[in-house]
Amino acid sequence: MFRYILNFLRTSKLLISDDFKDYTLLYEEAKYFQLQPMLLELERWKQDREACRFSRPCECLVVRVAPDLGERITLSGEKSLIEEVFPEIGDVMCNSVNAGWNHDSTHVIRFPLNGYCHLNSVQVLERLQQRGFEIVGSCGGGVDSSQFSEYVLRRELKRTSRAPSVIRIKQEPLD
């Protein structure tokens with residue numbers, strides 16, 4: 001720990017990496033040597049790390065799996081994100097304005113994925129994992145015939161700005 005203290009005394013800068021693991025040990029050393037400026041920098045460093053951990057921009061999807069009728073898989077999230085990960089659903093979301101799952105113009109609630117895409121729950125979760133998503137929460141419940149499992153998945157957005165979503169226009173046959 002003393003090398004970090006010497007570096008700080010030489011440069012007045014806290015020279016530790018973003019993934020520094022010995023924060024508590026270094027903080028106690030700086031406290032022992034009564035290095036107030038270093039303590040303040042360490043506290044600022046810790047607050048920055050915590051803020052980044054909780055406020056990183058991300059994309060989220062919810063996968064719900066229910067065993068009724070074989071295996072019913074539904075997705076909730078941003079339409080363009082679901083279309084990106086599951087391109088085989090085609091224009092279903094755009095052309096189904098009055099469907100019960102069509103929450104608003106940008107998001108869907110419980111889109112019936114396996115009605116349009118022949119994947120089982122393991123394949124769905126694997127595809128999401130391959131696209132950079134990770135499971136950050138899950139739950140399950142129900143009784144006998146109405147059991148379910150839900151998974152919350154997220155992936156961090158890259159620092160560059162995301163390309164705008166493609167806007168599709170609903171096409172209807174003319175009379």
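Below, all heavy atoms of this structure are taken into account, side chains as well, without hydrogens, waters or symmetry copies.
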Next item on the list: Check whether any side-chain heavy atom of Val65 sits under 4.5 Å from a side-chain heavy atom of Leu125, and report yes or no.
Entry: no
Next item on the list: Look up atom CE in Met1 and atom OG1 in Thr24, then write down how far apart they are to the nearest 0.5 Å.
Entry: 10.5 Å
Next item on the list: State, to 0.1 Å, how close Ile5 and Ala30 come at their nearest heavy-atom pair, and which atoms those are.
Entry: CD1-N, 4.4 Å
Checklist line | Pairwise distance CD1(Ile16) to CG(Leu42) - rounded to 0.5 angstrom | finding: 5.5 Å
Next item on the list: Identify the two heavy atoms, one from Ser17 and one from Trp45, that lie closest to each other, and give their separation to 0.1 Å.
Entry: O-CZ2, 3.4 Å
Notebook entry, point to check: Is the side chain of Ser76 donor-acceptor paired with the backbone N or O of Arg110 at a distance under 3.5 Å, no angle test?
Noted result: yes
Notebook entry, point to check: If every non-hydrogen atom of Ile73 is compared with every non-hydrogen atom of Asn120, which pair is closest and at what distance?
Noted result: CD1-C, 3.5 Å
Next item on the list: Taking Asn114 for its side chain and Glu71 for its backbone only, find out whether a donor-acceptor pair lies under 3.5 Å.
Entry: yes
Next item on the list: Give the cluster check for Leu6 versus Leu35: same hydrophobic cluster or not, with ILVMFWY residues linked at side-chain heavy-atom distances below 4.5 Å.
Entry: yes
Next item on the list: Would you sort out whether Arg127 and Glu88 count as a salt bridge (Lys or Arg N to Asp or Glu O under 4.0 Å), showing the intermediate values?
Entry: CA-CA 13 Å; Arg127 181 171 306 176; Glu88 57 266 56; 2.8 Å; yes
Notebook entry, point to check: Between Phe20 and Tyr4, what is the ring plane arrangement, given parallel below 30°, perpendicular above 60°, and tilted in between?
Noted result: perpendicular
Checklist line | Side-chain heavy atoms of Ile89 within contact of Ile82, under 4.5 Å | finding: yes
Margin query: Donor-acceptor pair, distance only, cut-off 3.5 Å: does the side chain of Arg64 make one with the backbone of Phe148?
Written below: no
Next item on the list: Could you check if a side-chain atom of Val85 sits within less than 4.5 angstrom of a side-chain atom of Arg131, using non-hydrogen atoms only?
Entry: yes
Check: Could Glu43 and Lys46 be called an ion pair, given the rule that one side-chain N must be under 4.0 Å from one carboxylate O?
Finding: no
Note to self: Any salt bridge linking Arg155 with Glu84? Criterion: basic side-chain nitrogen under 4.0 Å from a carboxylate oxygen.
What the structure shows: yes
Checklist line | Heavy-atom pair with the smallest gap, counting every atom of Val108 and Leu75 | finding: CG2-O, 4.0 Å
Check: Between Phe2 and Phe33, does the ring centre distance come in under 6.0 Å?
Finding: yes
Item checked: SB check Arg154 Glu134 (cutoff 4.0 Å) -> yes
Notebook entry, point to check: Quick one: are the ring centres of Phe86 and Tyr116 less than 6.0 Å apart?
Noted result: no
Item checked: Glu59 to Phe133 - nearest heavy-atom pair and separation -> O-CE2, 3.8 Å
Check: Out of curiosity, does Tyr27 fall in the hydrophobic cluster containing Leu25 (side-chain heavy atoms, cut-off under 4.5 Å, transitive links)?
Finding: yes
Checklist line | Heavy-atom pair of closest approach, residues Pro67 and Gln147 | finding: CD-O, 3.0 Å
